[in-house]
Number of protein chains: 2
Amino acid sequence: MHHKQTLMPANSQQSESNHPFSAEERQHAIGQLVQDEGRVVTQKLVTRFGVSRMTIHRDLDALAAAGLVRKVRGGAVPATDAIQPAAPRTATCAMCNLPVSDRSVMMIHSRSRGKLCACCPHCGLMMLGNLDDVEAALARDFLFGRMVNAFDASYVIDADVRLCCVPSTICFATAADAERFQRGFGGRVTTYATAQALLHAGHRKQL
Amino acid sequence: MHHKQTLMPANSQQSESNHPFSAEERQHAIGQLVQDEGRVVTQKLVTRFGVSRMTIHRDLDALAAAGLVRKVRGGAVPATDAIQPAAPRTATCAMCNLPVSDRSVMMIHSRSRGKLCACCPHCGLMMLGNLDDVEAALARDFLFGRMVNAFDASYVIDADVRLCCVPSTICFATAADAERFQRGFGGRVTTYATAQALLHAGHRKQL
DNA sequence: CGCGATTGTAACATAATGTAACATGAAGCG
DNA sequence: CGCTTCATGTTACATTATGTTACAATCGCG
């Protein structure tokens, strides 16, 4: 009796509700939604698909059991998503797909794309240059291992230490540290802005 | 429910445009804020997230329980030790009992005492000097993070980088790396034997 | 020092959400 | 036809997140 799809006016906005979904189709659609939007809200799925709260929960259970999503209170997020407070040890770089080294990791918080992980400042800076809704960006200071504001940090580019991607880009909390490192291992000490420009120029050159 | 979210338009009931924050996300955001800005003020979090004072307090309680922040009157500051939230930081140094930093860890295999963990080469070398049945000793190369044979490694003692115990003792896979590091950050480049002697001499002097 | 303002916290209330147990109705199958 | 199975709905209850209130603890200031 509550099956809205049978009662829907023809001009209804909720296109999906016009035809009844099989369980499989609905679950597949939910999985897509999670991937596309980063997060789904149970209550919205209830109205969107015109099924009961329990049914949505069962769908999410099935998706979670299949490892496709992770249930959170109120909805679900992508299984790979790292809303978790813990740093994703098994994460791969959102830019180059290499496994993320704990030593050089960068974390970027984008409003639209959530929490992104970069294997090293090279990839991290590239990503930052391509995002326009960054809420925060943190890079790991090479010397002390602390996370620092990526925009305030200093970087040594192309030092004789190849940690990850090339040209090697190493993050330091202070310009003084970067300079001392450069004295020993070469490379060029830059601010965030300069590093950003250099890396992007280098990549464009290749095109 | 009628709480006065003076900062947000009243029409946004649950809209993700303004407050996509579930409890989990909000706590995560707060944790990042603490790391990023060094300190957060409870009252500002209340207005920023549009939740009650109690809710913010509970968030901070949760973050503090997880060891991610330390509550202070009026807000929270980064937990001094916990830069890395996850990780098996259960290990403590067999010499000084400090939690073992993944960055500078040394592993010593003793026939009689089994596998011992040192927080840094300082403690590791001290332990090695006191053990007579060592099967193997590995230290983490500071530059690349690889484990190297502690007896073949080079060490920079008393550089201007205080990572763990004092006098700071930093391990490098090669003498060349140690020298380049010394060029920037000072200290003295030594072999295993020399570092060993220096550290023990320093400690005996205190007695 | 006392006093007011701010902050921390405990206790309770409430709404939203999660979940288990049972009911229903359709489809398939002997 | 009756039976089973499956997806779903309904109901009831547990759990969680949050707000509200009251009060204690602390700070700042005259």
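These numbers were taken from a predicted model, which means no experiment stands behind them. Every chain is numbered from 1 and lettered A, B, ... according to where its sequence line falls, protein lines coming before strand lines.
Heavy-atom neighbours of B/Arg103 CZ from other residues, nucleotides or ligands within 6.0 Å: above the threshold of 12.
We find that NE2 of B/His57 is positioned 16 Å from P of D/dA25, with the value rounded to whole Å. What separates CD1 of B/Ile56 from P of C/dT6 is a distance of 18 Å, to the nearest Å. Between the CG atom of B/Leu45 and the P atom of D/dG19 there is a distance of 13 Å, given to the nearest Å. Atom-to-atom, CG of B/Asp61 to C1' of D/dA17 comes out at 14 Å; the value is rounded to the nearest Å. Rounding to whole angstrom units, CG of residue B/Leu60 and P of D/dA17 are separated by 15 Å. In this structure, B/Asp59 atom CG and C/dT7 atom P are separated by 17 Å, rounded to whole Å. Counting to the nearest Å, the C1' atom of D/dT16 and the CD atom of A/Gln43 are 16 Å from each other. Atom CZ of B/Arg26 and atom C1' of D/dA17 are 8 Å apart (whole Å).
Looking at heavy-atom distances under 4.0 Å, A/Val72 makes contact with sugar-phosphate atoms alone, never a base.
Residue A/Thr55 places at least one side-chain N or O closer than 4.0 Å to OP1 or OP2 of D/dG9. A sub-4.0 Å separation between OP1 or OP2 of C/dT17 and a side-chain N or O of A/Lys44 is absent.
Heavy-atom minimum distance, B/Ala173 versus B/Asp141: N-OD1, 3.2 Å.
Taking only distance into account, the side chain of A/Arg58 meets the base of D/dG9 through a donor-acceptor pair shorter than 3.5 Å. For A/Arg53 against D/dG9, no side-chain N or O and base N or O form a donor-acceptor pair under 3.5 Å.
Proximity of B/Gln27 to B/Leu60: side-chain heavy atoms (C-beta onward) are nowhere separated by under 4.5 Å.
Place B/Arg73 and A/Gly74 on DNA chain C by their nearest nucleotides, and B/Arg73 ends up nearer the 5' end.
Distance from the side chain of A/Ser52 is smallest to D/dG9 among C/dG8, D/dT18, D/dG9. Among C/dT19, D/dT8, C/dG18, the nucleotide with an atom closest to any side-chain atom of A/Met54 is C/dT19.
With sequence neighbours excluded, the residues that form a side-chain hydrogen bond (donor to acceptor under 3.5 Å, both in side chains) with A/Gln196 are A/Tyr192, A/His200.
Between A/Phe142 and A/Phe172, the angle of the ring planes goes over 60°, which puts this pair in the perpendicular group of the 30/60° scheme.
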